[in-house]
Amino acid sequence: MARYILRRLIAFCLIMLTISLLSFWLMRLLPGDPIVKHLGTSYTAENAKAFAAQVGLDKGFFAQYFTWLGDTLTGNLGYSWNVSPNTPISEILSKTLPPTIEIALLSQVIALAISVPASVAVVRRPNGKLDRGVNVVMLSAYSIPTLIAVPVLTLFLCVRYNVLPGPSSWVSFNEDPILNLRVCLLPAMAISIASLAGHFRFLRNDMIINLQEDFVVMARSKGLTNRRILWRHVLRPSSVTLLTSVGLTIGGLIVGIFVAEVYLSIPGFSTQVIAAVDTSDYGLLQACIMTIAFIVISIQLIVNFLLPIIDPRIARD
Amino acid sequence: MTNVTDSPTQADNIVVVENLSTTFSTPRGSLTAVNNVSLTIKRGMSLGIVGESGSGKTVLSRSIIGLLPPSNMNQTGSATINGNQIIGVAHKELLKLWGSEVAMIFQDPMTALTPTRRVGDQIAESLRINLKMSKKDAKAKAIDLLRQVGIPSPERRARAYPNQLSGGMRQRVMIAIAIACGPEFLVADEPTTGLDVTVQAQVLDLITELRREANLTMILVTHDLGVVATRTDNVAVMYAGRIVEQAPTRELFARVAMPYTKGLLDSTPRIDAPSHTRLSSIEGRPPDLVNPPSGCAFAPRCSFAQDRCRTEAPSLVASTLNPNHLFACHYPLNGHAAQQ
Amino acid sequence: MPLSNKGLEMNTPLLSVKNLVVTYGSKKNAVQAVAGVSFDVMEGETLGLVGESGCGKSTTGRAILQLERASSGSVLFDGEELTSLSPGEMRTRRRKLQMLFQDPISSLNPRRKIKNIVAEPLIIWGESDEAKRDALVGEMLLEVGIDPALAGDRYPREFSGGQCQRISIARSLVANPRLLVCDEMVSALDVSVQAQIINLLTELKKKYNLTLLFIAHDLAVVKNVSDRVAVMYLGRLCELGPSDDLYAHPLHPYTEALLSAAVVPDPEVQLSHTTLEGEPPSPINPPSGCRFRTRCPNAETRCAEEVPELREVRPGHQVACHFPLSTTHVAIGESPNA
Ligand SMILES: Nc1ncnc2c1ncn2[C@@H]1O[C@H](COP(=O)(O)OP(=O)(O)O)[C@@H](O)[C@H]1O
Ligand code: SF4
Ligand code: SF4
Ligand SMILES: [Mg+2]
């Protein structure tokens, strides 16, 4: 076990290092010069030189990289140049990450809360009326882009029926947890729509396959109700693909969350990412990329760790 | 319910099957897996069902306890266990029998135990549902049962997942689940196929012992004539969905009536026969159950077949030599003849 | 009757395995699946190899064909050491050593036609004349009882297990092999089909002068096909002897236990019934001395201290046990009514 964790951690660090180096390099290929963006109208050759020297942009690539790496490892993420000039990046992250993570997690909770019971309901009669109906609904939902889902949901839930707070109602969790959750609910719902169809499909298919297994007949012969068999015997061995899919989905939610954050004026993380790309805010962008990488890889680690717990047949390599 | 009678002979028969047919609708057409089967099993007896793969052994045994999923399946005839009708009754009625009165043991304990639940929980679940035991009592009884089926350090093993146990041990766990609620009727479907001989002997001994203790009635489905010979009181031989010969075990092996049964016996290598003894094989393959041949289904492979066999299907009749020896053949062997 | 097809040619070993060791896994948790196995297979002979699952039978077979690397020991085939050949050199020898598996359907490529599957060895070994190839393929398919005209253009999934096993036999025979290693090749078949395949194999063996290593867990099948039988337990051989002698007078307690656990399709035959307790221990941590001692009813201190080597105690009958069973002991004779 200790060896397993150690091996995973080493792999984790290596991946993070590779990503940092790659992104450090790719970022500098982005169109747009950070100095021009930073100085704007006050641009002069001297000012530019002074700024470059101040932030180290006058040094060679590797010198820049290792300076950054050293700073980051000692906990110094630096300052934003252009998005919110002279604000510590750590402060930006600690403010903007929570709403985004909250929305992402909430969206997966919603997606699972719908797709799991839906799968359990339809597999009683595969390809029956209910199954086909749910399939059609899921697929139609899947094809609704977040760009449309957010305004439509806003229109219904905030404007027409007024059950959720509308755009620009953002408060942080510490200020008002209930309101905060209600604000996050709408973007989470909008984003969950995209994950729903996938989760449903994976779970439904695996459950149908597992329903053919002898252990289902065995469970029947024990006198268990169909309901109990589905929930207690079939669901867990069928959720391996589902869990993997949840893990992979979370990383891909960033674009959808950006749309929601912009539309609903939520001061989230994805807004910072897009702004940092836009303004060539190297320091902030690098920090954002590393944060995303950290989250995505951590989730993979957690998923890999959970799989053998969910299904003991899966060996921990 | 139905079919409860007070006549002693009937009451003695715990299982009564009459004209039972099970048909599946398949893309190729309707497939009759069990064709007009009638049989009875007396309380405390064991009936072996033998035949090649695909002959309908599993479908028959599962039909008798109502365990086949109802989709794309059609059943006619009747089967009763302890007077309770099985065929065509609501799922709710069957739930009352399953686990408590009838239980089943499967061939492959790896696939027949839920892979994601601890084996102790799988035993306890049955006790809690059927006997309404408390969580704590069920847990303790589960460990008792594991000990009873000969699993060393049962407290520890109860917490294991099926894949952490050996094949023989998994089969013992399955037996523990089956006997947990004290059933009266047990269906064991190839319980030792795939196990090594020494483990097979252990498992069969265990089943025999448990049956004796509880006067358990059993159907033992197997393709192994050796297992049938030593572990059953009666044998039914199945071919293409029908019972083609049925007799008390000793009687059957002493004078086989049906050419198919003889074929099976003669093609089985024997440990007590000299090395290089030539095996006589049955040429060809069992018929397609979607398009069964008219007449005797075995005729295309039977070396005794005559014209009559190809047109007229023989029905299962009692032999003049022994009224308990039934066969379905126009030209039986070993001096058997149909009782009029 | 016993040893009836022992011919003259049986005096020279075609295959000679000496102290074969096969190790799986990393250095730290290495498992000796085969832990020093030695035997000869004579030209024209069928040697049966029995034992329970996981005892190392398949690994032995695979190591003979160099499909598994031996950690040590030697495999001499027709006078040539196979373990020291390069993979390229081995490929040219493989023609003479063919292997047949338990699951014929999955061992045939599902996307190739039967005639191409059977012709494959010929193409690999450079038979470029297509007409000659077709003729040979047709001949071999007929030989195994498959009509080449009907079957040639079809795919494996259209055939039953028994037919696929026939096709596998045809494919191995076109290579004109000398040794067939059959690993559980009839285990998944129904008795009626099993008998067909056993009979076919017996005929082909005679006709093509084949030598067979027949690996199976079914004692009755092994006895039926083999001239001599080797019994394996936890990576080592326990006993090796002429089939009828070994089954009638086993010398090793494990052989006896196996035999007494076997069943006979006859309610009148009562085999001595001494059930072996427990299951084989893990090969990761085999018992010291005799590997069977943890389950052996006759085990003594010496058994824990000293590894019993295979030695001949009766003509042609070897046993690896410090205290072999008495030779007057009869486990399975001719049954009273056989
Ligand atoms: N590729 C492998 N890696 C690790 N262990 C293996 C492998 N193949 C077989 N083994 C182990 O080697 C032992 C012998 O296996 P095998 O040769 O398959 O025995 P048998 O043929 O008697 O079933 C078993 O314990 C098995 O688990
Ligand atoms: S009825 Fe005819 S074909 Fe059928 S088993 Fe009897 S002899 Fe053979
Ligand atoms: S050497 Fe000892 S332990 Fe091993 S088989 Fe012989 S008597 Fe038994
Ligand atoms: Mg094997």
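The shown structure was predicted, so the numbers you read here are calculated from the model rather than taken from an experiment. Computed from heavy atoms alone, side chains included, the values below leave out hydrogens, waters and symmetry copies. Residue numbering restarts at 1 for every chain, and letters A, B, ... go by the order of the sequence lines.
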Would you kindly say whether [X] and [Y] are connected by a side-chain donor-acceptor distance under 3.5 Å?
| X | Y | value |
| --- | --- | --- |
| A:Thr100 | A:Glu261 | yes |
| B:Glu52 | B:His223 | no |
| A:Asn135 | A:Arg201 | yes |
| A:His233 | A:Glu213 | no |

Of the backbone (N, CA, C, O) and the side chain (C-beta and beyond), which part of [X] lies under 4.5 Å from a heavy atom of chain A, both, or neither?
| X | result |
| --- | --- |
| B:Leu94 | neither |
| B:Ile129 | side chain |
| B:Met174 | both |
| B:Gln122 | both |
| B:Val187 | neither |

Pick from A:Ile309, A:Leu224, A:Asp311 with the largest number of heavy-atom pairs that fall under 4.5 Å of chain B: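 Highest number of pairs under 4.5 Å: A:Leu224.
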
Choice from A:Val234, A:Val216, A:Asn210, A:Asn226 maximising heavy atom contacts with chain B below 4.5 Å: A:Asn226

A:Arg228, part contacting chain B, at a heavy-atom distance under 4.5 Å: side chain

Contacting region of A:Ile310 [heavy-atom separation from chain B under 4.5 Å]: backbone

Centroid separation A:Tyr142 to A:Phe200 less than 6.0 Å: no

Chain A interface, residue from B:Leu97, B:Asn163, B:Ile177 that has the most non-hydrogen pairs under 4.5 Å: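 Most heavy-atom pairs within the cutoff with chain A belong to B:Asn163.
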
Most chain A-contacting option - heavy-atom pairs closer than 4.5 Å, from B:Gly99, B:Ser126, B:Ala112: B:Ala112

From OG1 (A:Thr249) to CG (A:Leu242), nearest 0.5 Å: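 Reported value, rounded in 0.5 Å steps: 8.5 Å.
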
Rounded distance (nearest 0.5 Å) linking atom CH2 of B:Trp98 with atom CD1 of B:Ile86: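 It is 8.5 Å, given to the nearest 0.5 Å.
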
Aromatic ring pairing A:Phe305/A:Tyr4, orientation class (parallel under 30°, perpendicular over 60°, tilted between):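 Correct class here is tilted.
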
